[in-house]
Engineer: 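Handing you this structure, nothing more for now.
Throughout, residue positions are numbered sequentially from 1 according to the sequence presented. It should be emphasised that the depicted structure is a prediction, and the values quoted were computed from it without experimental measurement. Just so it is clear, the values below take in all heavy atoms, side chains as well, and ignore hydrogens, waters and symmetry mates.
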Amino acid sequence: MRVSRTGIIFDGDDTLWETQPLYERSKERFLGVMELQGFDPYEAKQRFDAIEINNARLLGFSKLRFPKSMSDTYRTLCQSHNKAVDESVGSIVESIGKSAYADSPRLFEGVREVLEKLRARNLCLILATKGDYDVQEQKISVSGLRRYFQHEYILALKDESELTRIAKETNLDIRESWSIGNSIRSDINPALRVGMKAIWIPNRAWDFEDEKLITSDRVFKVDTIKDVADFIIVQLGVRA
């Protein structure tokens, strides 16, 4: 029987590479178009945020969700203000939503160095990122990080059952393994619930990921991804 090993499970979006700014830029463009259509940008933002959360519950992390939320918001604003829907505007806002997937996300500073240092310690590095499969696959491919990971998972939902499955399939010692990420809801709390340790990097996450952090002596907070490798090595009792 194989001996269980220590695993480091990394999130992708807004942990290894920046994603939220791509969505924020598209959102600002959308709000600008809404203002040109005569709608108050603040009202448009409030309506979009509510519709986006609801669509996330219905569509999950499909790449159709973000542009649909913009189209839905425009149509809702037209209805509430007794204004006819202009289908050309509807097409424009859908294109703005799709543009969030067009640009390649930027790696955070120090990511490669962190992965190199942990891999040199013979730790099992796992990438477990949540989202639309095609979108995440593209991000992983252009990131150039695939070679650092022994296992890779693209998940529709990142919760306790998925982390437990990953640990079983990769033969991890759950109590000695780590989950690294920026989302309390997807990366940190599920790991704590299954008995893992967790490192929270408080990069901006969208509102759907908001959740109260579980109180635990197994969760740690660091300022940036650059701090992760040395922190784990010290925790493992190995000299850096």
Engineer: Hey, could you give me each pair passing ring-ring contact (aromatic ring centres under 6.0 Å, His included) that has a residue in residues 114-144? Not counting sequence neighbours.
Structural biologist: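 Checked against ring-ring contact (aromatic ring centres under 6.0 Å, His included) - neighbours excluded - no pair reaches residues 114-144.
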Engineer: State which residues pass side-chain hydrogen bond (donor to acceptor under 3.5 Å, both in side chains) with Arg75; sequence neighbours excluded, sorted by chain then number.
Structural biologist: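 Arg75 satisfies side-chain hydrogen bond (donor to acceptor under 3.5 Å, both in side chains) with Ser71, Glu87 once adjacent residues are dropped.
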Engineer: If the threshold is 4.0 Å, N to carboxylate O, is there a salt bridge linking Lys45 and Glu52?
Structural biologist: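 Looking at Lys45 and Glu52, the cut-off is not met.
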Engineer: Are Asp132 and Arg65 ion-paired here, with the side-chain N under 4.0 Å from a carboxylate O?
Structural biologist: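 Judged by the 4.0 Å cut-off on N to carboxylate O distance, Asp132 and Arg65 do not form a salt bridge.
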Engineer: Give the minimum heavy-atom separation between Ile154 and Gly131, together with the two atoms involved.
Structural biologist: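 Taking every non-hydrogen atom into account, CG2-O, 4.0 Å.
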Engineer: Applying a strict under-4.5 Å side-chain criterion to I, L, V, M, F, W and Y, I'd like to know whether Val142 and Trp17 cluster together.
Structural biologist: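 No.
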Engineer: What pairs meet the ring-ring contact (aromatic ring centres under 6.0 Å, His included) rule with one or both residues in residues 140-191, with sequence neighbours excluded?
Structural biologist: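 Passing the test, one end in residues 140-191: Trp178-Phe220.
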Engineer: Under the side-chain hydrogen bond (donor to acceptor under 3.5 Å, both in side chains) rule, collect the residues that match up with Glu162, sequence neighbours excluded.
Structural biologist: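 Glu162: side-chain hydrogen bond (donor to acceptor under 3.5 Å, both in side chains) contacts with Arg165.
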Engineer: So which pairs with a foot in residues 62-83 pass ring-ring contact (aromatic ring centres under 6.0 Å, His included), sequence neighbours left out?
Structural biologist: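 Qualifying pairs, neighbours excluded: Tyr23-Phe66, Phe39-His81, Phe48-Phe66.
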Engineer: Between the side chain of Ser179 and the main-chain N/O of Ala198, is any donor-acceptor distance below 3.5 Å?
Structural biologist: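 Judged by distance alone, no pair lies under 3.5 Å.
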Engineer: Between Lys139 and Asp13, is there a side-chain N and carboxylate O pair less than 4.0 Å apart?
Structural biologist: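 Salt bridge present between Lys139 and Asp13.
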Engineer: Does the side chain of Asp14 reach to within under 4.5 Å of the side chain of Pro21, using non-hydrogen atoms?
Structural biologist: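 Answer yes - side chains close enough.
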Engineer: Check for me, please, whether Tyr101 and Leu64 land in the same ILVMFWY cluster - side-chain distances under 4.5 Å, paths through other members count.
Structural biologist: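 No; tracing contacts between hydrophobic side chains, which count when under 4.5 Å, never links both residues.
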Engineer: For the residue pair Thr129 and Leu16, establish whether any side-chain heavy-atom pair is separated by less than 4.5 Å.
Structural biologist: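 A side-chain contact is absent here, since even the closest heavy-atom pair is not under 4.5 Å.
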Engineer: Count the heavy atoms belonging to other residues, nucleotides or ligands that lie under 6.0 Å from NZ of Lys221, then report whether that count exceeds 12.
Structural biologist: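 At most 12 heavy atoms, drawn from other residues, nucleotides or ligands, come within 6.0 Å of this atom.
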Engineer: I'd like to know if the side chain of Lys68 and the backbone of Leu59 have a donor-acceptor N/O pair within less than 3.5 Å.
Structural biologist: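 Side chain of Lys68 to backbone of Leu59: no pair is present.
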Engineer: Has Lys158 got a side-chain atom pairing as donor or acceptor with Ala128's backbone, closer than 3.5 angstrom?
Structural biologist: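 The answer is yes, because a donor-acceptor pair under 3.5 Å joins these two groups.
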Engineer: Should Leu145 and Leu127 count as side-chain neighbours, where that means a heavy-atom distance under 4.5 Å?
Structural biologist: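 Not touching, per the 4.5 Å side-chain cut-off.
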Engineer: With Ser216, which residues qualify under side-chain hydrogen bond (donor to acceptor under 3.5 Å, both in side chains), at least two apart?
Structural biologist: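 Applying side-chain hydrogen bond (donor to acceptor under 3.5 Å, both in side chains) to Ser216 gives none.
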Engineer: Begin with the C-alpha distance, continue with both residues' side-chain angles, and end with the deciding distance and a verdict on side-chain contact (heavy atoms from CB on, under 4.5 Å) for Asn55 and Leu58.
Structural biologist: CA-CA 5 Å; Asn55 281 343; Leu58 297 173; 4.2 Å; yes
Engineer: Run the salt-bridge test on Arg119 and Glu116 with the 4.0 Å N-O cut-off and return the result as yes or no.
Structural biologist: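 Result for this pair is yes, salt bridge flagged.
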Engineer: With a 3.5 Å distance limit and no angle check, can you tell me whether Trp200 reaches the backbone of Gly181 through a side-chain donor-acceptor pair?
Structural biologist: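 Judged by distance alone, no pair lies under 3.5 Å.
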Engineer: Output yes when Arg5 and Glu176 qualify as a salt bridge under the 4.0 Å nitrogen-oxygen rule, no when they do not.
Structural biologist: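 Result for this pair is no, no salt bridge flagged.
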